[in-house]
Structure formats: C-alpha cells, structure tokens
Amino acid sequence: MTLQPQVFDTIIIGAGAAGLMCAGVAAMRGRRVLVLDHAQNVGEKIRISGGGRCNFTNLFAKPENFVSQNPRFCISALNRFTQHDFIKMVQDAGIAYHEREHGQLFCDNSATDIIDMLVKRCTTSGAHLQLHTAITGVEKLDSGFRVETDRGIFAGTSLVIATGGYSIPKIGATGFGHALAKRFGLRVVPTRAGLTPLTFEGELLNRIKDLSGIAVEARIRSNKADFTEALLFTHRGLSGPAILQISSYWNEGDTLRIDLAPGQDAFDVLITAKHATPKQDVATAVATLLPKRLAKLLVDEAGGPGRLCETGDKTLKRVADIINDWRVTPSGSEGYRTAEVTVGGVDTRDLSSKTLETKTVPGLYFIGEVVDVTGELGGFNFQWAWSSGFAAGQYV
Ligand code: FDA
C-alpha cells in the first residue's frame, strides 16, 4: 500500500528568515502552507545575529550593498519590499529598536522578538510549521512536488527552497539547496565564505600576532571594493568590520591595500615632525598616528630607521607609504566556521527576479541566502531574506 501524501499548496524547506517571511505572506493570501526544517527551533541564525539583538535591516539599504554575478537581479525584490516595509512590520508588532552607526537597526531587547513576530504571522494566518524533520527525497510530479521526510510524505503545488548558506554548520547550515538546484539542472555560482576574518601565515603572521587586540580605523581596498571601518589585529590575522566587509570581495591570492591612517598624509606628518623634533625616533613620530606597537611593526618593515634627523626623506616616504598603503596578502579566511554569509549560490540567470521562481522548473522557487545575492555587513542580508521571501510569497 502506498502512503497518500498530505497535500498543501506550498511547501517551504527552511524555517529561517526568508522561509518564515515567505510562509507568512503566502498564508495571508489564503495558501495552505507547510514549512519544514530539520532544526529543533525556527530562525536559529536570527537568534544569534547581531550579538543576540539582530541587526534586522539597514536604513540605507540599496542594490549597491549586495554582491552577485548579476548586481541588478536584487533590484526588483528590494524595491517591492523595502527596509521601510520591514520597519513598519517591526513597529506594528510593538518591537522596540534603535539605530546604530551606518543606519543599522537593532532590537532593543532580543532577536527573539523578530522570530516571535515572524512565527506569529505564520501561525495566525494558518501556515503549518514542522520542525525536527529530515528531508529524505524531493521529486517533481506532473502537478507539483512530492517531499519525503522521516515524518511523513507531503505534496505541494509549489516548492520553495529557503535553506540558506553554509555558514555556521553547527547550528544546522547545509548545502541542501545548492545540491537540489544542481539536481534540477540549475547553475550554481561557486560558493565561498563571506563576512569572515582573514588569516595569515609565516613571518607576517608572527608579526601580526604580537599586535593581537589592537584596533584602528582603516581604509581597505580590494577588487574595486573600498571600506573605511574598524580593523582588528587577531592571533590568526585580521578581523573587525573593515576586514569582514572586504572578505566578501576578496579572492584567494588577492593583495589588500590598507590605509592605516585614513584622511592623514603620513609623509606630511613625518616631515613636519623632522623639522619640529629632529631628535625624535621615527617610531615615536609614527606613534602620533597609530598605537605604539603597530607603529614599531611598520617602521621595522621599512628597515627600522632610528632618529628623524638621521633618516633621509626617501626612507621617511617608504615608512609613510607603508602607513597609508600597507599591502598584505592573506593566506585564507576563517571559512564557514565563523563566516556570517555564503557568497555565491543559485545562479540568478536561472531565476525570475520578480517571483524568484526557476525558469526551467515551474513551481520551484529559491529565496534568501541560497541565491547568489550576498549583502554587506549591516543588516543587508536579512533585508534580502525579507525582500526575496516577500516576492516569492506573493506568487507561490
Ligand atoms: P537561514 O540560514 O536563516 O535559514 C535556513 C534554514 O534552513 C535554517 O532554519 C536551517 O535549519 C534550514 N535548513 C538548512 N538545511 C536544511 C536541510 N537539509 N533540511 C531542512 N532544513 C534545512 N545578517 C544581517 O542582516 N544582520 C545580522 O545582524 C546578521 N548577523 C549574523 C550573525 C551570524 C553569527 C551569522 C552566521 C549570520 C548573520 N547574518 C546577519 C546573516 C543572516 O543570518 C543570514 O543571511 C540569513 O539568516 C539568511 O536567511 P535564510 O532564510 O536564507 O537562511
């Protein structure tokens, strides 16, 4: 006897940010919605995001804040459900929030406020959430999809994949969505860890390690990306917002150009110091711009000149160049263990930018981080989850 599947209009795999958003929107349209997830709890990444306070969107979100092989793909969804639409949802739910630098919005109390709001929208509109369920098979039928799990068989007219990226595997991240996309003949842009600390090896690491804990404001450039934010030296290499941002644009082998004193002409500072206090050590003069230990490392890198009066202008220029344009090549990144996002994913050429439905498999949708759209640091990744979830929710 074959088991009859339980029938829904829409099955969503993944009860994270995008999946919950999509479920609420579809259920409010009167669709019978089932959300499946293998985790014990919904929205685990929302829970741990923003240091437990969830940086849920950004006041200044715009398409330029997203990395993708097709930078224009995200425009349609972002325009139809903007940061202001999500902020209204948060306000309507009575969630207290505040703005931090660069337009980042965080909950005052806890990220669980956002999870509770999304779950409430799902359950009050009749969407069914089934957790702790392993997906054992997905099959395309003439009229939709059949999803087999260790807790029953389900059929749906449409199937939404919202299983996110690879980052933080210990809380349930898997490559399920990428593998399924390939199985259905879709292209997948090669994936790598994004918003992650960068690591160094050998002699450079030995020197950087000694600076562990030091933070400075820095301007970092790589592959046309350009960020000025805090940079942190760690025992494995470099971290801090500036490095996390650049990591999403950095490819193995690329050299980073780092201005450790943005807005200041280090050569000018050193020449002025040479005239005013000629007996001062070069390292002491550099320490007027940078923390002492960092100043010493950079001066050593330029050959370790002693007093300003004994140092030729050419050597001072070399020191200044290292301060304003320090060039370092990371050996790698800390990877998915600590990354906030996965760069790459389901190729947008195979998806409709309006509905997020695949062009070749009618009824199959991909939303959220599993798609090749990756936000910068600052609430942009959640905005993509909300916008893409909303867009698909209107059509599934
Ligand atoms: P998400 O990862 O949220 O959900 C995927 C769901 O699919 C999960 O519930 C998972 O269990 C489920 N799943 C996976 N594989 C499955 C399988 N095989 N079977 C069944 N279910 C499966 N962004 C931001 O904008 N602001 C922030 O403050 C932060 N902070 C932050 C901190 C940390 C530590 C991390 C790791 C990430 C962030 N992010 C962030 C990024 C943000 O969390 C992320 O981009 C979104 O959660 C992506 O939403 P999705 O719904 O696409 O995936």
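Here the structure is a predicted model, which is why all the values come from computation and not from measurement. Just so you know, ligand 1 is whichever comes first in the structure, and atom 1 is the first atom listed for that ligand. All residue numbers refer to positions in the sequence shown, counting from 1.
- Of all atoms in ligand 1, numbered sequentially from 1 with element shown, those under 4.0 Å from a heavy atom of N55 are 24 (C), 25 (O), 26 (N), 27 (C), 28 (O).
- With respect to V328, the side-chain contact (heavy atoms from CB on, under 4.5 Å) criterion is satisfied by exactly one of I208, L256, L198: L256.
- The distance from ligand 1 to the heavy atoms of G368 drops below 4.0 Å at these ligand atoms: 52 (O).
- The A339 neighbourhood of ligand 1 comprises atoms 36 (C), with distances under 4.0 Å to a heavy atom of that residue.
- Close contacts of ligand 1 with F380, meaning ligand atoms under 4.0 Å from a residue heavy atom, involve 25 (O).
- Considering G172, G16, S167, A134 only, the shortest heavy-atom separation from atom 1 (P) of ligand 1 involves G16.
- Shortest contact from atom 30 (N) of ligand 1 to any protein heavy atom: S49 CB, 3.2 Å.
- With respect to atom 8 (C) of ligand 1, the closest heavy atom belonging to the protein is D37 OD2, 3.4 Å.
- Heavy-atom contacts of E369 reach the following atoms of ligand 1: 44 (C), 45 (O), 46 (C), 48 (C), 52 (O) (cutoff under 4.0 Å).
- N381 places no side-chain N or O within donor-acceptor distance of the main-chain N or O of V341, the cut-off being under 3.5 Å.
- Scanning M21, E376, H38 for the heavy atom closest to atom 22 (C) of ligand 1 points to H38.
- Listed by number with element, the atoms of ligand 1 under 4.0 angstrom from any heavy atom of T174 are 14 (C), 15 (N), 16 (C), 17 (C), 18 (N).
- Contacts between I168 and ligand 1, counted as non-hydrogen atom pairs separated by less than 4.0 Å, involve the side chain only.
- Of the listed options K45, E340, E44, Q383, E340 places a heavy atom closest to atom 41 (C) of ligand 1.
- Contacts between W384 and ligand 1 below 4.0 angstrom, taking non-hydrogen atoms only, are absent altogether.
- Within 6.0 Å of the CZ atom in R72, the count of heavy atoms belonging to other residues, nucleotides or ligands does not exceed 12.
- Atom 53 (O) of ligand 1 has as its closest protein heavy atom G164 CA, 3.4 Å.
- At least one cation-pi condition fails for R236 and F200: the charged atom is not both under 6.0 angstrom from the six-membered ring centre and inside a 45 degree cone around its axis.
- Distance from atom 50 (P) of ligand 1 to its nearest protein heavy atom, with residue and atom name: A18 N, 4.0 Å.
- Of all protein heavy atoms, the one lying nearest to atom 46 (C) of ligand 1 is F382 CE2, 3.7 Å.
- Heavy-atom proximity to I48, at under 4.0 Å, picks out these atoms of ligand 1: 34 (C).
- Aromatic ring orientation, F86 versus F81: perpendicular (interplanar angle above 60°, classes split at 30° and 60°).
- The parts of A17 lying near ligand 1 are both backbone and side chain, judged by heavy-atom distances below 4.0 Å.
- When each atom of ligand 1 is checked for a heavy atom of G50 under 4.0 Å away, the hits are 28 (O), 30 (N).
- Atom NE2 of H275 has 12 or fewer neighbouring heavy atoms from other residues, nucleotides or ligands inside a 6.0 Å radius.
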